[in-house]
Every structure is written in C-alpha cells, then in structure tokens.
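First the proteins, then the strands, lettered A, B, ... as listed; each starts at 1. Worth knowing before you read on, the calculation uses all heavy atoms, side chains too, and leaves out hydrogens, waters and symmetry mates.
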Amino acid sequence: MSTDISRYTITAALPYANGPVHIGHLAGCYLPSDIYARYLRKNDKELIFVCGTDEHGAAINMKAQSEGAQPREIVDRYHDIIRNSLDQVGISFDIFSRTSKEIHHKTAQDFFKTLYDKGSLEEKVTQQYYDEEAGQFLADRFIMGECPNCHFGEAYGDQCENCGTSLSSTELINPKSRLSGSAPVLKETKHWFLPLDHLSGKIKDYIQSHKNWKPNVYGQCMSWLDAGDGLQARSMTRDLDWGIPVPLDDAEGKVLYVWFDAPIGYISATKELKGEAWTDWWTKDDTKMVHFIGKDNIVFHCIIFPAMLMEHGGFHLADEVPANEFLNLEGKKISTSRNWAVWLHEYLEDFPGQEDVLRYVLTATAPESKDNDFTWNDFQTRNNSELVAILGNFVNRVQVLMQKYYEGEVPQPSTLSDTDQAALKEIEEAPALIGESLEKYRFREALSRMMNVARLGNKYLADQEPWKVIKNDPERAATILYVATQICAQLSQMMEPFMPFSAEKLRTNLGLESLGWNDCAKQEFLAPGMIVKAGGHLFTKVEDEVINAQKEKLEASNTAEAEPSYEALKGEIQFEDFLKLDLRVGTITKAEKVKKADKLLHLEVDLGFEKRSIVSGIAQHFDLEDLPGQKVSVVVNLAPRKLRGVLSQGMILMAEDSEGNLKFTATPEDMPNGSVIR
RNA sequence: GGCGAGGUAGCUCAGUUGGUUAGAGCGUCGGAUUCAUAACCCGGAGGUCACGGGUUCAACUCCCGUCCUCGCUACCA
C-alpha cells in the first residue's frame with residue numbers, strides 16, 4: 001500500500017494567532033510532524049510540510065478590542081512570535097504562511113464560490129443580535145450576558161467560561177454588546193450553510209476505510225457519526241468585519257467562518273509554495289496526506305474538512321490523522337487564560353542552546369495514546385540521566401578516547417571479533433527499526449530505539465575496555481575504537497529527526513555529512529584516517545536551581561492571574577420589583593438524584609404550609625445524605641417548570657463563588673418553615 | 001445520563017490475532033569499574049495487569065457489570 005506513494009503532504013495544525021504557542025502545542029503536533037518530515041526527507045521522499053497562522057475569527061477581533069488595537073496588529077505580533085519560536089526550536093516547515101495573505105483569501109473565496117455555484121450551500125435567514133450603535137451584527141463572542149446556567153454575569157455568547165457550558169447568544173440573560181455596551185437587538189441576517197446529512201454515508205465509508213487510525217481518532221469520529229441526530233448543517237459564514245469577505249453580491253459585511261477558511265489554509269500555503277503544481281499535492285491519489293493535530297481538532301479534520309473537500313470534489317482526502325491527546329503541566333490542565341503554561345518563546349530565552357532538550361523531553365513524554373503530564377522534575381531527570389548520562393556521555397567517551405590514543409584519527413581495524421560484528425550489525429539494523437516506529441507514528445518508541453544505539457555504545461565500551469586493552473594489545477584497541485566510532489557516527493545520523501541541532505554538532509565533529517536514512521544501514525561511516533574532532537559536551541546538566549526557578553515562575557504567573565472575578569452588577573430595579581419576590585424559609589426533607597442528569601437533584605422542601613418538589617442543579621456539590629434537614633431560603637412564587645421531566649416549584653437560594661462552588665445561603669436554624677424572608 | 005478514549009511496577013509507558021516464570025526506560029538498593037559530565041556496566045528488589053463476575057484447557061488480552069480519569073454531549077431557574 002505504501003509502495004506507490006509518490007509524494008507526501010504533511011500538515012501541522014494552524015496555530016491561532018491570538019497568543020504564543022506552548023509546550024502542549026509542540027508535543028501535540030509540531031514536534032511529531034517535524035520528526036516525521038525530517039525522517040522522510042532523509043529518506044529522499046518528495047514532500048511538503050506546510051503550516052501557518054490562523055488569523056481570522058472573532059477571538060482575534062476580541063483580543064484587538066480588549067487591547068485597543070487593530071486585529072492586524074494582533075495577528076502580526078503573534079505571527080512573528082509563533083513563527084520565530086517554532087523556527088528556533090527547529091520545526092522545519094517548507095512554508096509557514098498566514099491566512100491573512102491575499103493568496104489565501106482568493107483560494108478560500110474560490111472554494112466557497114465553487115460550493116455556491118454547485119448549489120451545495122443552503123441559504124438561511126436567522127435572527128441574530130445586532131448592535132445599533134456600532135452598526136453591525138455581533139458574533140457570539142461579542143455578546144456578553146448572564147449565563148442561563150450558572151448565572152455568571154460575564155458569559156460569552158458562545159460559551160460560559162465560568163461553568164463551561166456551550167451557549168448560543170440568544171440564551172443569554174440581559175445580553176450586552178461588547179462593542180458599545182448597549183443592549184443588542186435581534187435582526188434578520190442571511191447565512192450560508194453546508195448541509196452534511198447527505199454526506200454522512202460517504203463520510204462513514206471514508207472513516208471506516210481507515211480502521212488503522214489511532215483508537216482515539218477512529219473512536220471519536222464514529223461516535224460523532226453515530227450520534228442520534230446525525231450531521232447538522234454548518235454555517236460557513238459570519239457577520240464580522242475581520243476575515244475573508246464572502247464572495248457574493250448580497251453578502252456585504254459577511255465573512256467566511258474561520259473554521260471554513262482555516263483548513264483551506266493548508267491548500268493556499270501549498271499554492272504559495274508550489275504554484276500551479278499545488279494540485280499534485282492535493283488531488284492525486286499517489287499523494288499521502290497526513291494531518292498532525294491535537295485531539296481537539298479530530299472532528300474537524302476527519303469529518304468536516306473532508307466533507308468540504310468531498311462536496312467541492314476533486315480532492316484527495318487525508319490518509320492519516322495521527323492526533324495526540326493533551327499534555328498537562330505539573331498535574332494540571334494547561335490553561336492560557338490562567339497562564340498555566342510553559343511558553344515556547346520563553347523557554348527558548350531561558351534555555352538558550354537547549355532546543356533539543358525540549359524536543360527530546362516532549363517527544364519522550366508525548367501524549368500519544370492518553371493525556372500525559374509534563375513536569376519540570378521529569379524534564380530535569382530526562383536531561384540529566386538520559387541525554388547527558390547516556391547519549392552525551394557515550395559520544396564524549398568516544399571522542400575523548402580517540403583524542404587520547406589516536407589524536408582523533410580513525411584507526412585501522414584488524415580482525416573483527418564476534419562482539420564487534422554483533423555491534424556493527426545492530427547499528428546496521430537501527431535505521432530500519434527506528435524507521436518502522438516512525439512510519440507508525442510511534443515517536444516515543446522511535447526515540448527510545450534511537451537511544452538504544454547509545455546504550456549499545458556504552459555497553460560495548462564497558463565490555464571491551466579499550467583503556468585496558470591498549471596497554472597490551474594496541475591493535476585490538478584500535479579495532480574497538482574503530483567500532484565505537486562507527487556507533488557514534490550512526491548515532492549522529494539517527495538523532496537527526498529528533499534532535500537536529502545536536503545531531504549536526506556531532507556530525508560536524510565527526511566530519512560527516514547528513515546521509516540518506518537507508519544509506520545509514522550498510523555503511524562504513526568513518527574510514528580509517530578520517531579525523532574526529534575533540535567535540536565537547538553535547539548536553540549539559542540542568543541543576544536544581546534552574547528547575548526550581550521554572551517551577552516558581554510557573555506558580556507566580558499562575559497566581560497572578562487567579563484573582564477572583566466578580567459577576568457584573570445587574571441593573572437597578574424598583575422596590576415594587578423586589579416585592580414581587582416571595583421568599584420563604586424551608587427545610588429539605590428529601591433529596592434524590594434526577595435520572596439521566598449529572599447535575600440535577602430532586603428535592604422535597606417543607607415550607608410549613610405545604611411541601612414542594614424542587615429541582616436544583618447542585619448534585620455535584622453535595623452529598624445526598626447531608627441534605628435532609630438543611631434549612632434553606634426558597635423563592636416560592638417562581639412559575640413551576642419541568643426539568644428532565646420532574647416538576648420544579650421554586651428555587652433554592654445559593655451562594656456561588658467565581659470558581660463555581662456552591663453553598664446554601666445562611667438561613668437561621670430556629671426560624672420555622674414558612675417564615676417570610678425580606 | 002449517552003458516546004468515545006484510558007485505568008499495567010515509585011514515575012512515564014510497551015504488551016501484536018488469548019498460550020509457558022507480565023516487559024522497557026527512569027528512580028531505588030547492591031556490586032563492579034575508571035575512558036567518560038560521580039557518568040557508564042552488571043545484578044536485585046518492586047506488579048492479585050482498577051474491581052467483581054463470566055466464557056475457555058488457558059485472559060492483561062474476549063463478554064457482562066461496577067468504580068475512577070480525560071474528552072464530546074445532555075441536564076443546571
């Protein structure tokens with residue numbers, strides 16, 4: 001199957017240009033894709049490795065708004081930071097473009113136009129919030145209001161950041177425009193949707209023809225396809241002034257939905273790189289298309305994007321989507337908003353010249369099959385006891401011995417012993433072994449197999465003891481050093497995809513060129529007479545102070561951001577409004593879980609004059625057995641409502657902090673049920 | 001609640017279609033060694049493979065149930 005591949009199109013998820021990239025992004029997609037690309041290049045494969053910043057969407061607009069800057073300034077700033085940091089850590093894109101470029105705008109518009117002309121898009125008029133002061137429609141992100149779920153006052157129109165619920169802006173209570181602060185009005189607006197239901201069969205066939213995909217990827221796709229209500233039509237346009245204009249006459253003020261244009265960014269970057277020949281990389285079936293992404297992007301790359309391509313027609317769909325899970329940091333989820341992250345550009349400043357250490361550690365600990373944890377202690381251990389002690393040490397030993405005994409000149413071997421031949425055989429087999437792992441996207445396994453070459457070297461030296469042998473049998477010592485040098489040379493080649501900087505340093509010391517991967521199998525790397533330089537240490541120890549400093553930095557930046565947020569004040573009301581509320585003291589007499597709902601409790605509350613059934617979303621905050629006997633304050637004249645089929649005749653007053661923790665408001669124990677609260 | 005992915009030595013992970021004493025790296029303990037960044041090399045200890053059933057001559061591996069973690073999704077007046 002892999003025999004007739006003529007070229008590879010390798011993509012890495014487009015980083016969103018509203019912030020820098022962190023180690024989670026690196027471990028999740030940039031490092032694996034880079035290792036893969038470097039490996040293929042070393043195999044002399046024809047390939048392109050494309051990426052670029054994703055620069056549209058409401059979040060960019062929002063960020064600009066909050067900084068009083070233009071979107072352009074934001075994306076320029078982060079494009080530069082992202083591009084430079086990825087470049088410095090050695091991610092070898094053939095092109096790192098950006099979606100704000102002319103060529104991308106045209107490509108995305110043409111794509112949209114094709115779908116439109118084919119009649120693939122459905123026009124729908126919907127009601128959307130409009131800011132009359134600002135004179136424009138408001139994207140969900142631009143509307144803030146009270147979350148209907150947790151009543152957090154600063155929920156966004158698409159999601160409440162407090163309780164995490166996905167919302168639609170029309171659900172918000174007291175919505176406010178973030179542009180002008182005024183109350184938005186609902187107005188009709190037209191959008192273009194891509195129906196997906198008729199494609200579900202084709203998409204399912206497509207996914208099912210890739211059962212070899214990683215379980216997390218395949219599983220999530222099938223789960224989506226099998227979901228009860230099928231594939232919903234997706235709106236491909238938005239009312240926004242930052243983005244790619246919809247290329248239709250009656251679409252003023254409308255732009256393409258960022259999720260529509262972003263993946264097309266892969267295509268336009270290819271065009272930018274290859275010109276007319278771009279079609280080879282996107283339409284031919286002898287092209288292997290590999291998308292490297294994080295798990296948050298699975299559905300998009302495996303279902304929505306392929307659906308777009310299918311509908312458009314003529315495209316070759318992704319062959320592999322090796323999505324990684326998430327990387328946690330010191331036991332906690334990486335969070336941009338809480339500043340719980342190790343930012344790549346900061347690492348590069350704090351650890352100059354140690355790009356490969358980060359590459360090594362993140363590859364060794366990459367969340368290939370499940371979420372994984374990055375800790376600074378682990379970083380230190382892997383550096384000190386793997387990179388320094390095993391790899392760096394072996395390389396150094398060989399170089400030192402070579403200088404000491406032969407002034408760096410590779411000696412002439414005499415008869416090779418069985419162990420010598422076994423060692424040489426092992427390094428001959430290394431490329432195939434490591435390559436096999438890489439082709440299966442098992443990067444951590446590949447890395448460990450590479451390290452085994454260094455382990456082999458250390459063992460070989462320990463067993464052969466050239467420093468002893470040389471005293472009585474110089475000829476034998478020469479053979480040993482010859483073999484050790486070959487191992488070292490192979491290492492310099494095999495390291496290359498993973499640790500390109502150190503690999504080059506080592507190769508330079510050895511006076512070697514970068515060789516083809518398969519050429520490394522049968523090869524006398526260093527012929528007798530060649531000169532090996534002294535070198536110096538490939539890696540240096542990372543001391544405790546450095547690690548502690550990083551931990552402190554992390555904690556410090558985190559707490560700085562963890563201030564409590566206060567819910568927005570509501571508008572003034574009149575005394576009469578207040579009088580409408582009927583609040584009473586009650587006692588919970590029964591509590592049970594509502595079936596098929598994680599958060600709901602069905603409570604019975606004794607109000608003195610009667611007992612009421614009340615449903616409350618507090619299940620995750622209390623133990624059932626603690627509730628009976630609890631005095632509570634109850635809104636008793638709220639219109640009854642059914643929740644998950646259970647009647648709720650009132651609402652219990654709760655206090656909630658900014659983290660979403662709930663407690664009952666204090667109600668005096670000695671007040672009888674039914675007492676009025678005012 | 002539904003769906004998906006996980007739960008294997010102190011830590012991070014492998015375990016192919018079920019088959020003899022469950023593996024690796026790191027850590028730890030002991031030994032050996034000195035060419036080497038107190039590094040390397042050898043050896044030991046350490047696991048009722050989340051838990052409970054079942055199928056089988058045989059299960060970490062298959063089936064059912066339960067618990068826990070992560071993700072998507074529903075519910076939160």
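- Separating the NZ atom of A/Lys599 from the P atom of B/G1 is a distance of 14 Å, rounded to the nearest angstrom.
- For the ring pair (Phe, Tyr, Trp, His ring centres under 6.0 Å) test, no residue two or more places apart in sequence or in another chain qualifies with A/Tyr218.
- Here A/Ile470 lies out of heavy-atom contact (under 4.0 Å) with every strand.
- In this structure, A/Gln412 has no side chain to side chain donor-acceptor pair (under 3.5 Å) partners at least two apart in sequence or on a different chain.
- Partners of A/Asn216 according to the side chain to side chain contact (heavy atoms under 4.5 Å, CB included) rule, which considers only residues two or more places apart in sequence or in another chain, are A/Lys214, A/Glu325.
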Could you write nucleotides 31-37 of chain B as a row of B, S and -, 5' to 3', where a protein heavy atom under 4.0 Å of any base atom gives B, of only sugar-phosphate atoms gives S, and otherwise -? ---SBBB
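- The interatomic distance linking A/Lys459 (NZ) with B/G25 (C1') rounds to 16 Å, in whole Å.
- With sequence neighbours left out, A/Gln550 forms a side chain to side chain contact (heavy atoms under 4.5 Å, CB included) with A/Asp350, A/Phe351, A/Trp376, A/Lys553.
- For A/Ala489, the side chain to side chain contact (heavy atoms under 4.5 Å, CB included) criterion is met by A/Leu510, A/Leu512, A/Phe525, A/Leu526, not counting sequence neighbours.
- Each salt bridge (charged side-chain N to carboxylate O under 4.0 Å, His left out) pair with one or both residues in residues 537-547 of chain A, not counting sequence neighbours, would appear here, but there are none.
- Side-chain proximity of A/Trp224 to B/C41, B/C72, B/C75: nearest is B/C72.
- Two residues are said to be in side-chain contact when any heavy atoms from C-beta on lie closer than 4.5 Å; A/Val342 and A/His22 fail this criterion.
- Nearest nucleotide to the A/Lys333 side chain, out of B/C70, B/G27, B/C75: B/C70.
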Any chance you could list the contact pattern along nucleotides 11-18 of chain B? Use B for base contacts, S for sugar-phosphate-only contacts and - for none, protein heavy atoms under 4.0 Å, 5' to 3'. -SSSS---
Reading 5' to 3' and counting Watson-Crick or G-U wobble pairs with both distances under 3.5 Å, write the dot-bracket notation for RNA chain B, | for bases paired outside the strand. (((((((..((((.....[...)))).((((.........)))).....(((((..]....))))))))))))....
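- B/U21 sits 26 Å from B/C11 when the P atoms are compared, rounded to a whole Å.
- Applying the ring pair (Phe, Tyr, Trp, His ring centres under 6.0 Å) criterion to A/Tyr16, with sequence neighbours excluded, gives no partner residue.
- With sequence neighbours left out, the side chain to side chain contact (heavy atoms under 4.5 Å, CB included) criterion links A/Lys533 to A/Thr508, A/Asn509.
- Pairs engaging residues 440-484 of chain A under the ring-ring contact (aromatic ring centres under 6.0 Å, His included) rule: A/Tyr36-A/Tyr441 [sequence neighbours left out].
- Atom CG in A/Asn377 sits about 22 Å away from atom P in B/G25, given to the nearest Å.
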